[in-house]
Amino acid sequence: MRAFTLFTLLASTALAIPSPKISSVRKPGWRGGPNRRRDIITNQVNTTSSSPSTTASKDNIWAYLTNDEAASTIAFLHNQTDLNLTSVEDAGDWDNTIMVIDLLVPNKTDALAYLDGNGTKPERWVLASLLFGATEEPYAQDWVVGPLPISEKTTYYPYTFGTHTEDAKIRIYDMDSAYDLYVNTSMEIKDIISDILNATIDTEDDLNANFDIWGIDPLWHQPDEYGNDRVITWVGFWRYPDPVQSQNSSINFDGETLLPQGLYFQCDITGRDPSKYGLMGILYGDEYYTSTAEFRSAWEKPDFKKYTPNMQGDWVGTDQAGEQLPLETLPPPRNIQPGGQRFKVDEENKYIEWMDFTFYLTFTRDTGMRLYDIKYKGERIIYELGLQEAVAHYAGNDPVQSGTSYLDTYYGFGPYAFSQIPGFDMPLYAYCMNTSFHAAEISKSHRCGISIFEADQNYLIQRHSSQQYISATKNIALTVRSVSTVGNYDYNFDYVFYLDGSIETIVRASGYIQSAYYAANSEYGYQIKDGLSGSMHDHALNFKVDFDILGTENTLVKHVVEATDVKYKWNNLTRSTMHLVRKEVTSEDQGKMNWSANGQEQVVIVNKDAPNKYGEPRGYKIMPSRGGAGMHLTIKNSSNLINSQGFADHAYYVTKRKDSELRASSAWNDYDTAKPLVDFNKFFDGDNLEQEDIVMWFNLGMHHVPHTGDIPNTVFSTAQGGMIITPHNYLLSDPTRQSTQQIRINYNNDNSTTDVYTFGSQQASGDVNLDQVSWDPYTYYGDVAVRKFPYDPQNPFNDTESIV
Ligand SMILES: *[C@@H]1O[C@H](CO)[C@@H](O)[C@H](O)[C@H]1NC(C)=O
Ligand SMILES: *[C@@H]1O[C@H](CO)[C@@H](O)[C@H](O)[C@H]1NC(C)=O
Ligand SMILES: *[C@@H]1O[C@H](CO)[C@@H](O)[C@H](O)[C@H]1NC(C)=O
Ligand SMILES: *[C@@H]1O[C@H](CO)[C@@H](O)[C@H](O)[C@H]1NC(C)=O
Ligand SMILES: *[C@@H]1O[C@H](CO)[C@@H](O)[C@H](O)[C@H]1NC(C)=O
Ligand SMILES: *[C@@H]1O[C@H](CO)[C@@H](O)[C@H](O)[C@H]1NC(C)=O
Ligand SMILES: *[C@@H]1O[C@H](CO)[C@@H](O)[C@H](O)[C@H]1NC(C)=O
Ligand SMILES: *[C@@H]1O[C@H](CO)[C@@H](O)[C@H](O)[C@H]1NC(C)=O
Ligand SMILES: *[C@@H]1O[C@H](CO)[C@@H](O)[C@H](O)[C@H]1NC(C)=O
Ligand SMILES: *[C@@H]1O[C@H](CO)[C@@H](O)[C@H](O)[C@H]1NC(C)=O
Ligand SMILES: *[C@@H]1O[C@H](CO)[C@@H](O)[C@H](O)[C@H]1NC(C)=O
Ligand SMILES: *[C@@H]1O[C@H](CO)[C@@H](O)[C@H](O)[C@H]1NC(C)=O
Ligand SMILES: [Cu+2]
């Protein structure tokens, strides 16, 4: 059943819903509302096969909460009568509930004392996001709970030191569903809807079977005639794709976001009494009507213009279509790992050692995979690396597109980081890591939420030939991958480690675009189907990289390649030439930056107090490595994002690191973008940045103007962006010379090879039995979830009967 309404949502048990914000607050059916997919997960790849292990010298102090830690925290919170919590399973809109429980990472000074010195292991603390519904003015609030394990010492208090609102609270303006109003309005004009949208709508069930009704995000506010704040939403009609026959079965392709119907309701949803919500207007075909009656009288007139309804067809499906290409059905080239896994894993600590790199992994509900304490050749280079927020800002002539600026951590990257497909998302030999998160009092695990694998990049990292010899070195890199399907879009995140000491951050997007109705929208995208506009939008995905280059005291410098005119001693004529100009970014006042045109600026994080033997500061350069189709939002002062877009209006930023400035955004900013929990702009208060512990925040993104090639899905090949960091005067020469995976072939003038050097690298030999490196897709299956409340300590791992 594809139709998904509030009623089915309410009828389903709360425990079936992984993302509490969706379940208890808003937008049923939206962005992968929980019924959108069976939570298929996992694979049976033999990760134990020759998987060398190791033991981290220090524990992973960023490890996500264990199920027991989450459960005991939830029990502790339920014990606090002042919080007046109701268990999620029993809760309605007028109750207080626990949304998310996650680790509050230790403060860095405590962490470094433990990692680098004799400091004790930092205590485990929790960041608990609670939702207060039992009030006329519902709000979310972040709380600190700790230390763990729960004891008499455990305290709890609002997370005020990490947020910018009073008592770490943010108002929620759509706690109560307005769906009734959409239904009532639709029923008043069901004959018109049937006519203009080519469907038979006699009853509410017909409506729910045909159309999904949802709209702007975040909500809109505007003053009424008395100056009072009114909360406004605009919702549009989206057609559910019907099941189609493809191959030998029936399938519902997930292409609802390709089927906007061009009919929109504007509603005033102020306050907590849905019976007082009211229709303000209807938009159809770029004409605005202020009531159902006005719409009806227009429709009844002979000159009423009807637009082509946007209907589904085979084009919505992603199955193979069209003529098969010559030889294309033959098995394609593929990767194997003949020498076994060449990196070590401490599974308990989620700690990896690959070549000269070591690092820890963790996972959060809001932002998915994160990396900590990345060391290269025994020295920390990065303390923390990970996604902060992902915004997709739309525009359009219709109010829904115009009003859409998704802040995706609200929906979360963790809940949707489903298991990767062996042989597709990752090589069959990839090491799979499970990931967990805790939301709505359920602990959920994704099998293989993170994959780790080496692969030949299939271009050399080094090569040279002369009259006497040719030398070449393979480019074998380690990829750490996580893929999140956030509603219509699939985001593939990679961190790639290279033998030259570089680390690349890559994000790629596929999945279904959110399209617009074509009527009068040509200024905002291409028409890509009879009823469809591509709906232009900008993506900006912000990442935090906390560099520690030879210690925490670092400076961001720009070594600018600059044109100049010089008269040299050796020539009286002025030459037009270029030179290198060294600049420093010394204050947060200069901390918001864009990449220079033509790449003239080399941006390097150095430790000025640690020069190399030539006096050059040792550092790591950072630069865009792929994509380049946009690094920040086009819109400067977004009417939708208001004070919540600070992280996305420049390409990169540098700030002084503070324990109170942990993240560039909060998952709950979306509730009230005018008064966000975390306002990134407030990080810029003029702090000195010269030889301080500094953090860079960079965006990867794209100006996405979907064209016909985005039908049915956007493709990863061009929808990607990357940033690479690379040693810069950091070592005295290229470290890839350490690799044995190279060859030198000497030859003489008559073209015969005289000597071959392979430096001790082993060659794979013998037969490859592909049957032993294959995978049975029928072993790909479901998530594991553990109910948390009421919690049964005797049986902590009881499975739920089904998770969606
Ligand atoms: C996985 O690999 C290990 C080591 O090669 C082997 O002992 C084990 O039997 C394999 N397990 C499965 C399920 O194939
Ligand atoms: C909750 O309160 C009960 C009753 O006072 C107590 O037995 C229990 O240990 C408490 N649990 C937690 C986790 O605080
Ligand atoms: C506690 O929450 C319930 C709803 O779950 C509500 O009816 C009650 O008024 C609240 N009590 C207080 C003191 O706020
Ligand atoms: C971490 O740092 C914040 C901000 O300085 C401080 O308020 C908090 O108490 C610290 N936490 C711990 C566990 O020391
Ligand atoms: C750790 O403690 C030992 C013994 O007390 C001492 O010798 C050493 O210097 C300390 N190391 C650090 C980094 O503080
Ligand atoms: C919708 O209609 C029903 C039945 O007439 C009514 O009880 C309800 O209050 C209406 N809801 C809204 C939001 O108008
Ligand atoms: C209207 O719907 C019917 C039945 O689904 C279909 O056959 C017809 O082609 C549709 N008309 C248009 C204009 O799309
Ligand atoms: C097709 O139908 C057959 C017979 O019902 C079934 O065994 C098979 O699994 C189906 N699917 C595919 C992909 O062939
Ligand atoms: C991952 O989760 C699955 C399912 O719970 C479990 O069978 C497997 O042992 C887990 N893998 C690891 C490495 O813990
Ligand atoms: C530069 O010009 C001066 C004066 O015209 C002349 O004496 C000198 O030789 C010139 N030098 C060079 C390097 O051409
Ligand atoms: C090498 O050179 C010799 C003589 O110049 C020629 O006969 C032979 O074909 C060449 N071999 C190859 C492999 O090109
Ligand atoms: C967990 O499973 C055990 C054994 O099946 C059962 O007795 C117990 O009631 C279950 N607990 C919960 C909380 O479902
Ligand atoms: Cu896009």
Side-chain angles (χ1 to χ4, degrees), residues 5-7 61-62 93 103-114 119-127 142-148 153-164 167-168 174 176-190 193-201 203-204 206-207 209-211 213 231 233 235 239-244 259 261-262 265-280 291-292 306-316 517-518 529-532 656-663 678 683 687 693:
T5 71
L6 183 74
F7 305 109
I61 51 177
W62 309 277
D93 292 342
L103 182 79
L104 176 59
V105 294
N107 287 339
K108 187 172 172 184
T109 36
D110 299 340
L112 293 186
Y114 168 68
T120 54
K121 189 173 164 182
E123 290 168 329
R124 301 270 285 170
W125 286 76
V126 173
L127 191 59
D142 280 351
W143 290 74
V144 178
V145 183
L148 296 181
K153 272 177 63 193
T154 303
T155 57
Y156 64 110
Y157 49 87
Y159 180 51
T160 46
F161 70 85
T163 55
H164 297 120
D167 292 331
D174 57 354
D176 308 281
S177 175
Y179 197 77
D180 271 4
L181 177 62
Y182 312 151
V183 171
N184 288 6
T185 306
S186 301
M187 287 300 115
E188 279 177 40
I189 55 168
K190 61 188 183 183
I193 293 174
S194 300
D195 176 44
I196 61 178
L197 301 188
N198 190 23
T200 309
I201 305 297
T203 64
E204 194 181 320
D206 293 339
L207 183 74
N210 281 284
F211 300 113
I213 304 173
V231 182
T233 189
V235 292
R239 191 179 289 264
Y240 290 118
D242 298 324
V244 293
L259 302 174
Q261 300 298 302
F265 295 163
Q266 181 187 27
C267 303
D268 182 332
I269 58 164
T270 312
R272 294 224 54 185
D273 182 354
S275 72
K276 298 216 170 77
Y277 294 171
L279 181 77
M280 297 173 73
S291 65
T292 51
K306 281 204 292 182
Y307 290 82
T308 314
N310 184 11
M311 307 293 280
Q312 85 152 14
D314 289 344
W315 63 280
V316 170
Y517 199 60
Y518 75 103
K529 203 76 197 169
D530 288 343
L532 213 59
K656 182 174 166 176
R657 194 207 60 78
K658 291 177 187 159
D659 293 324
S660 56
E661 295 176 356
L662 213 48
R663 266 189 59 189
V678 173
F683 290 14
D687 285 321
D693 190 1

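Read the numbers this way: they start at 1 and go in the same order the structure lists the ligands and their atoms.
- Shown here for Gly531 and Tyr517, the closest heavy-atom pair between the two residues is O-CD1, 3.5 Å.
- The two atoms that bring Thr154 and Pro147 nearest to each other are OG1-O, 3.0 Å, heavy atoms only.
- With respect to the salt-bridge test (charged N to carboxylate O, under 4.0 angstrom), the residues Lys190 and Asp206 do not qualify.
- No side-chain heavy atom of Leu181 sits under 4.5 Å from any side-chain heavy atom of Phe265.
- When every heavy atom of Thr270 is checked against every heavy atom of Tyr277, the shortest pair comes out as O-CE2, 3.5 Å.
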Polar pairs, ligand 7 vs protein, N/O only, below 3.5 Å.
residue  : atom   : partner : partner atom : Å
ligand 7 : 2 (O)  : Asn198  : OD1          : 3.2
ligand 7 : 2 (O)  : Asn198  : ND2          : 2.4
ligand 7 : 11 (N) : Asn198  : ND2          : 2.7

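- Between Tyr157 and ligand 4, no N or O atom pair is found at a separation short of 3.5 Å.
- Under the 4.5 Å side-chain criterion, counting only non-hydrogen atoms from C-beta, Leu148 is in contact with Val126.
- Inter-residue side-chain proximity for Thr160 and Asp167 is flagged as met; some heavy-atom pair is nearer than 4.5 Å.
- For the pair Asn184 and ligand 6, the shortest N or O to N or O distance falls below 3.5 Å.
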